[in-house]
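The block underneath contains the structure these notes are about, expressed in C-alpha cells.
In this chain, numbering begins with 1 at the start of the sequence shown. Please read these numbers as outputs of a predicted model, since none were measured by experiment.
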Amino acid sequence: RNQNTKLDIEKGYWIVTTSQLSLHISEASIADPNYIYNLHQGANLISVPVENNIDITDALPDEIEFYITAVVTEGSACTQIVPGTWIGSQCFFSKGKGYWVITLQDLEFSFESNNKQSRNQSEHEGLLYPKGYDYNQSTRQAFYFIKEISNINQNDDNWILAFYNNKVIGARKWNGNMIEIPVMGNDQNSYSNGYIQEGSKPILKLLNLSTGELSELVSDQEIPKWSNNGIFILNSFSSQKIKPSKIESDAYPNPFNPQ
C-alpha cells in the first residue's frame with residue numbers, strides 16, 4: 001500500500017479490480033459545491049459535487065454549457081446536439097461517479113446545483129446486454145449515436161450490438177429514439193483482449209430478441225474510426241438479414257466504477 005496515495009476531491013478515477021467488490025472510502029469529505037473547476041480543452045476526468053441526480057443542462061452554468069460537447073461515464077454518454085439540448089442514456093450527473101467532460105476550450109466554472117433534481121431517474125449500474133452477448137467495461141471507450149433504424153418492427157425487443165473481429169464489444173437496447181452504443185477498446189488489460197483499437201471500425205448489428213434473428217445494420221454513411229472517448233453521430237440505418245455466425249462474448253464481471 002502506498003501511504004502517499006492521494007485522491008483529489010475534484011478529480012474522477014478509474015478503479016480497476018480483478019473481481020466485483022464494494023468500495024468504501026474513509027476519511028473523505030464531500031466536495032464544496034462552489035469549488036472552481038479548471039478544465040482544459042478536450043477530455044477531463046472529474047467528480048461532480050452533487051447529492052442527488054441532476055440534469056446536465058441544470059448543473060452547467062449557461063455561459064459555459066455551449067463549450068461542452070459531451071459527458072461520458074461508465075458505459076454511457078450524453079452529447080449536446082444543439083445548444084441546451086442533450087441526448088443519451090444518462091444525461092444527468094449522479095453522486096459517487098466520475099465523468100469525462102469533453103470541452104471545446106479551456107474553462108473555469110463552478111457547478112450549479114440549486115437543489116434541483118433530475119427529471120430522468122432511469123439510472124442503471126454497470127453494462128446491460130442480452131444473454132449470450134456479454135462484454136466487459138474497459139477504461140477506453142467510445143460512443144456511436146444512431147438516430148433511426150428502418151426495416152424493423154419497432155415494437156420488438158431489439159438490441160444494437162457492436163463487434164470487432166467477431167467479438168462483442170458493445171450493446172444497447174434500441175428504444176426507437178436516438179441512443180448511444182458504447183464500444184469498448186483494448187486498454188491492455190486481459191479483460192479487453194481482442195477489443196477494438198485506435199483507427200479501426202466496429203461492425204454494428206441488430207439482434208431481435210423477439211425472433212432470435214441477428215441482422216446487419218447498413219447505412220450510406222461511413223462508420224467513423226474508433227478513438228478513445230470518441231462521440232460519433234450516425235444517421236439512418238436499415239436492417240439486413242444475415243446468416244448466423246459464431247459470436248465471441250466475455251464472462252468476466254464488470255469490475256469498474258469511476259469514482
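A 4.5 Å side-chain heavy-atom check between Asn136 and Asn189 finds every atom pair outside the cut-off. At least one side-chain heavy atom of Ile46 sits under 4.5 Å from a side-chain heavy atom of Phe111. With a 4.5 Å cut-off on side-chain heavy atoms, Ile56 and Cys78 count as touching. Contact of the Ile54 side chain with the Glu112 side chain is not registered, since no non-hydrogen atoms from C-beta on lie closer than 4.5 Å. In this structure, the side chains of Glu198 and Arg140 come closer than 4.5 Å at one or more pairs of heavy atoms. Looking at Trp14 and Leu45, their side chains come closer than 4.5 Å, going by heavy atoms from C-beta outward. Using a 4.5 Å heavy-atom threshold, the side chains of Tyr37 and Pro49 count as touching.
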Practice item. Go through Val101 and Val48 one step at a time and tell me if the side-chain contact (heavy atoms from CB on, under 4.5 Å) criterion holds. Key: CA-CA 10 Å; Val101 177; Val48 180; 5.9 Å; no
Exercise for review: Check the pair Phe92 / Asp55 against side-chain contact (heavy atoms from CB on, under 4.5 Å), numbers first and verdict last.
Suggested key: CA-CA 4 Å; Phe92 51 89; Asp55 290 335; 4.0 Å; yes
Point to revise | Chi angles and distances behind the side-chain contact (heavy atoms from CB on, under 4.5 Å) call for Trp86, Leu60 | key: CA-CA 12 Å; Trp86 295 81; Leu60 297 174; 3.9 Å; yes
**Study point:** Step-by-step side-chain contact (heavy atoms from CB on, under 4.5 Å) determination, Ser89 to Arg172
**Key:** CA-CA 9 Å; Ser89 61; Arg172 180 73 82 219; 3.4 Å; yes
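Heavy-atom minimum distance, Glu65 versus Thr57: OE2-OG1, 2.8 Å. Between Ser76 and Gln90, the shortest heavy-atom contact is OG-NE2, 3.3 Å. Minimum interatomic distance between Ile160 and Leu206 (heavy atoms only, all atoms of both residues): CG1-CD1, 4.2 Å. Across all their heavy atoms, Tyr129 and Ala171 have their closest contact at CB-CB, 4.0 Å. Nearest heavy atom pair, residue Asn228 against residue Gln141, reads OD1-N, 3.0 Å. Closest heavy-atom contact between Ile196 and Pro202: CD1-N, 3.5 Å.
Within a 6.0 Å sphere centred on CD of Glu222, other residues, nucleotides and ligands contribute 12 heavy atoms or fewer. Around atom NZ of Lys225, no more than 12 heavy atoms belonging to other residues, nucleotides or ligands sit under 6.0 Å away. Sparse packing is recorded around CG of Asp220, with 12 or fewer heavy atoms of other residues, nucleotides or ligands lying under 6.0 Å away.
Considering Asn52, Thr73, Asn53 in turn, Asn53 is the only one that fulfils the side-chain hydrogen bond (donor to acceptor under 3.5 Å, both in side chains) rule with Ser94. In summary, of the residues considered (Tyr164, Tyr135, Trp226, Phe163), a side chain to side chain contact (heavy atoms under 4.5 Å, CB included) with Val183 occurs for Trp226 alone.
Rounding to the nearest 0.5 angstrom, the gap separating the CD1 atom in Ile146 from the CD1 atom in Ile233 is 10.5 Å. Rounding to the nearest 0.5 angstrom, the gap separating the CG atom in Asn208 from the CH2 atom in Trp174 is 14.0 Å. Considering CD of Gln188 and OG of Ser138, their distance stands at 9.5 Å, rounded to 0.5 Å. In this structure, CG on Asn153 lies 7.5 Å from CG on Asn158, to the nearest 0.5 angstrom. Distance check, rounded to the nearest 0.5 Å: OG1 of Thr79 to CD1 of Ile68 gives 11.5 Å. The distance from the OG atom of Ser239 to the CD1 atom of Ile149 is 8.0 Å, given to the nearest 0.5 Å.
Judged by distance alone, with hydrogens and angles left aside, the side-chain atoms of Asn44 form no donor-acceptor pair with the main-chain N or O of Leu39 at under 3.5 Å. In this structure a side-chain-to-backbone donor-acceptor pair under 3.5 Å is missing from Glu213 to Lys241. Looking only at distances, no side-chain donor or acceptor of Asn165 sits under 3.5 Å from a matching main-chain atom of Lys167. When atom types are taken as modelled, the side chain of Ser47 and the backbone of Gly98 share no donor-acceptor pair closer than 3.5 angstrom.
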Quiz: residues 102-109 side-chain donor-acceptor pairs under 3.5 angstrom, not counting sequence neighbours:
| residue | atom | partner | partner atom | Å |
| --- | --- | --- | --- | --- |
| Thr103 | OG1 | His40 | O | 3.0 |
| Thr103 | OG1 | Gln105 | O | 2.9 |
| Asp106 | OD1 | Gln41 | N | 2.8 |

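Applying the ring-ring contact (aromatic ring centres under 6.0 Å, His included) test to pairs two or more places apart or on separate chains, those with a residue in residues 141-162 are Tyr144-Phe232.
Among residues two or more places apart in sequence or in another chain, the side-chain hydrogen bond (donor to acceptor under 3.5 Å, both in side chains) test is passed with Gln80 by none.
Note on Val218 and Leu207: separate hydrophobic clusters, where clusters join Ile, Leu, Val, Met, Phe, Trp and Tyr whose side-chain heavy atoms are under 4.5 Å apart, directly or indirectly.
By the 4.0 Å N-to-carboxylate-O rule, Lys97 lies too far from Glu74 to be salt-bridged with it.
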